[in-house]
Amino acid sequence: MKKNQIDMLNGSILNGVARVAFPLMLSSILQLLFNAADIIVIGRFGSNNSLAAVGAVSVIWGLCGHIFMSLGGGSTVVAGKNIGAGKKSAVSDVLHVSIALGILLGLAISLLAWLSMPNILWAMQTPEEVFGLALEYIHYLIPGLPAIAVYNFGAGILRAKGDTKRPLYFLFTAGIANVILNLIFVIALKMDVAGVGLATSVSQYIATILIIICLVREEDEFKLEFKKICLKASVVASILKIGIPNVIQNILFTFSNTVIQASINSFGADVMSGNAAAGNIESFCWTAMISVEQAGMSFVSQNFGAGNFKRVKESIFKTLALICATGLFFGELTVLFARPLLEIYTSYPASIAEGIIRLRILCGPYILCGIMSSIAADMRGLGHAIEPSIIVLLGACGTRLLWIFTAFQTPRFHTTAWLLFTYPASWAITGLVLAIFLIRIFKQEKARFGSSA
């Protein structure tokens with residue numbers, strides 16, 4: 001195999017998935033540290049309202065990141081399938097179209113976010129004392145969206161061939177820059193939320209510049225040539241066929257989370273700041289599992305392209321086993337050290353108490369979230385993006401919204417604990433339905449390739 005490329009068509013699948021997932025996991029954790037640095041610095045050197053403002057924006061900001069990650073995942077699947085089939089020119093086309101899409105979509109979503117954010121914050125029932133700070137914070141984050149878009153598309157191409165180490169190095173460099181800039185802008189220059197937002201945007205551009213340089217120096221079908229950056233209808237359609245259903249899922253998923261965040265906001269700033277800190281800690285557990293999921297999806301897509309359904313099946317089961325182990329380890333570790341972890345973010349006792357409630361309810365059974373996400377990713381790796389999106393929307397989002405607009409409105413169940421219980425319940429229901437559909441899709445695709453597969 002070429003340098004920085006992992007052979008996904010031969011050898012040990014468990015070892016291969018781990019080799020791809022571990023650097024990706026560290027990369028994703030570093031990316032989360034961008035936000036963690038924001039929350040820690042603002043929690044220690046800003047006001048409680050400033051910390052609440054960062055938390056109020058986190059759901060919407062997370063949506064933007066998930067949109068680009070989903071579309072980048074479309075590039076990963078399409079490129080991986082072509083790698084498995086040995087179509088080098090098609091891989092090159094996916095690369096150049098992906099970069100073009102990243103630029104255009106990054107600019108478009110930046111404009112949309114800038115225009116719509118005030119109305120979104122009002123719709124989320126953001127308290128008046130937090131509203132201005134939240135709006136200021138997001139306005140400094142938005143300019144970094146094009147960089148995030150291009151980075152995710154570029155990293156998606158590298159991930160398709162198993163190269164997750166170099167994106168790790170790039171994010172490590174950008175993460176160091178982010179922490180240094182946070183300290184300068186917030187502590188030295190007293191810029192408060194504007195400082196943490198600006199530091200995050202600048203660090204994102206550093207990571208993106210590094211990944212572009214990496215692709216320019218690549219060889220053969222993975223080499224980026226600026227003159228070849230363009231939009232080809234057939235390639236765009238292939239990427240969006242995988243990415244768009246997942247984007248729609250994430251938008252509606254975020255809508256349900258926004259409704260939950262609005263309910264959390266109604267309990268006041270202490271509950272908001274506690275959930276902001278806990279949500280950031282929880283995201284580390286999610287990131288660890290999603291990294292294994294993305295690695296497994298690459299193995300599924302490449303072996304699917306090669307028509308090797310024995311390895312496709314093995315990839316599905318071994319990835320699921322690795323995700324379960326990851327979810328149990330990080331989830332239970334988070335519950336065990338909930339208080340000291342939250343004390344890193346804030347010193348307010350009421351906020352810490354609310355954060356502990358969230359971490360115990362969500363991170364204890366976090367393995368259920370991993371199983372749900374892994375099965376959905378496997379279906380996308382097999383070229384089916386619509387089915388998992390619909391199932392997740394009805395199962396996860398539908399369950400949460402139904403609870404919020406019915407039982408949660410009664411005095412007995414109108415607490416943050418009962419509100420948060422909707423997460424593990426929805427994971428279990430959705431994961432079961434996804435498993436049934438995955439078995440059906442696997443059999444259908446195997447039959448299309450013929451019994452010899």
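Predicted, not measured: the structure shown is a model, and the values here were computed from it.
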So which heavy atom on Gly355 is nearest to which on Ala278, and how close? O-CB, 3.5 Å
Indicate yes or no: does Arg380 engage Glu387 in a salt bridge with an N to O separation below 4.0 Å. no
Using side-chain heavy atoms (C-beta onward) and a distance below 4.5 Å, is Asn152 in contact with Leu71? no
Atom CZ of Phe22 with >12 non-hydrogen neighbours under 6.0 angstrom: no
With a 3.5 Å distance limit and no angle check, can you tell me whether Asn308 reaches the backbone of Phe304 through a side-chain donor-acceptor pair? no
Would you say the side chain of Ile83 lies within less than 4.5 Å of the side chain of Phe222, judging by non-hydrogen atoms? yes
Applying side chain to side chain donor-acceptor pair (under 3.5 Å), run through Glu221 and Ser89 and close with a yes or a no. CA-CA 6 Å; Glu221 65 269 30; Ser89 61; over 6 Å; no
Do side-chain atoms of His96 reach the backbone of Glu225 as a donor and acceptor pair under 3.5 angstrom? yes
Assess whether side-chain contact (heavy atoms from CB on, under 4.5 Å) is satisfied between Ile212 and Phe226, documenting all intermediate values. CA-CA 10 Å; Ile212 290 296; Phe226 293 112; 4.0 Å; yes
If you compare all heavy atoms of Ile157 against all heavy atoms of Ala79, which two are closest, and at what distance to 0.1 Å? CD1-CB, 4.2 Å
Ion pair present between Lys318 and Glu314, side-chain N to carboxylate O less than 4.0 angstrom? yes
Applying the side-chain contact (heavy atoms from CB on, under 4.5 Å) test to Phe68, which of Val150, Ile109, Leu101 qualifies? Ile109
Where do Pro167 and Leu158 come nearest, in terms of heavy atoms and distance? CG-CD1, 4.0 Å
Candidate pair Phe309 and Phe442, rule ring pair (Phe, Tyr, Trp, His ring centres under 6.0 Å), full reasoning: CA-CA 9 Å; Phe309 278 83; Phe442 179 85; 5.7 Å; yes
Nearest non-hydrogen partners of Ala338 and Ile356, listed with the distance: CB-CG1, 4.3 Å
I'd like to know if Arg448 and Glu445 make a salt bridge, using a cut-off of under 4.0 Å between side-chain N and carboxylate O. yes
Determine, stepwise, if the pair Ser98 / Ser75 fulfils side chain to side chain donor-acceptor pair (under 3.5 Å). CA-CA 7 Å; Ser98 295; Ser75 294; 2.7 Å; yes
Using 0.5 Å steps for rounding, measure from the CD1 atom of Ile148 to the OG atom of Ser110. 8.5 Å
So, applying side chain to side chain donor-acceptor pair (under 3.5 Å) with Asn303, which one of Lys310, Lys81, Arg311 is it? Arg311
Side chains of Glu282 and Phe330: closer than 4.5 Å at any heavy-atom pair? no
What verdict does the side-chain contact (heavy atoms from CB on, under 4.5 Å) test give for Glu293 and Ile323, after you've listed the backbone C-alpha separation in whole Å, the side-chain angles of each residue and the deciding distance to 0.1 Å? CA-CA 7 Å; Glu293 166 202 311; Ile323 273 196; 3.8 Å; yes
Using the six-membered ring wherever Trp is involved, compare the ring planes of His139 and Trp114 and label them parallel, tilted or perpendicular (cut-offs 30° and 60°). parallel
Tell me whether the count of non-hydrogen atoms from other residues, nucleotides or ligands lying under 6.0 Å of NZ in Lys232 goes above 12. no
So Met117 and Leu121, side-chain contact (heavy atoms from CB on, under 4.5 Å) or not? Walk me through it. CA-CA 6 Å; Met117 194 52 59; Leu121 289 174; 4.2 Å; yes
If we ignore hydrogens and angles and just use 3.5 Å, is the side chain of Ser374 paired with the main-chain N or O of Ile371 as donor and acceptor? no
Donor-acceptor contact present, side-chain Ser201 to main-chain Tyr140, <3.5 Å: yes
Exactly one candidate in Cys369, Ser373, Cys324 meets side-chain contact (heavy atoms from CB on, under 4.5 Å) with Met289; the answer is Cys369
Does some side-chain heavy atom of Leu420 sit less than 4.5 Å from a side-chain heavy atom of Pro424? no
Just so I know, are the side chains of Leu171 and Tyr151 near enough to count as touching, which here means a heavy-atom distance under 4.5 Å? yes
To the nearest 0.5 Å, tell me how far Leu320 CG sits from Asp378 CG. 7.5 Å
Does the Trp427 side chain pair with the main chain of Pro365, one donor and one acceptor, at a distance under 3.5 Å? no
Looking at every heavy atom in both Met379 and Phe437, which two are closest together, and how far apart are they? CE-CB, 3.9 Å
Point-to-point distance, once rounded to the nearest 0.5 Å, from OG1 of Thr334 to CG of Leu359: 7.0 Å
Heavy-atom pair with the smallest gap, counting every atom of Ile404 and Ser263: CG2-OG, 4.1 Å
Checking Leu438 against Ile316 for the side-chain contact (heavy atoms from CB on, under 4.5 Å) test, could you report, in this order, the C-alpha distance in whole Å, the side-chain angles of both residues, the deciding distance, and whether it holds? CA-CA 10 Å; Leu438 176 60; Ile316 291 171; 4.0 Å; yes
Does Ile229 reach the side chain of Val97, with side-chain heavy atoms less than 4.5 Å apart? no
State, yes or no, whether a side-chain contact exists between Leu215 and Ile99 at a heavy-atom distance under 4.5 Å. yes
Regarding Gln294 and Thr76, do their side chains bring together a donor and an acceptor under 3.5 Å, going by distance alone? no
Tell me, yes or no, whether the heavy-atom count around Leu240 atom CG, taken from other residues, nucleotides or ligands under 6.0 Å, exceeds 12. yes
Do the non-hydrogen side-chain atoms of Leu434 and Thr430 ever get within less than 4.5 Å of each other? yes
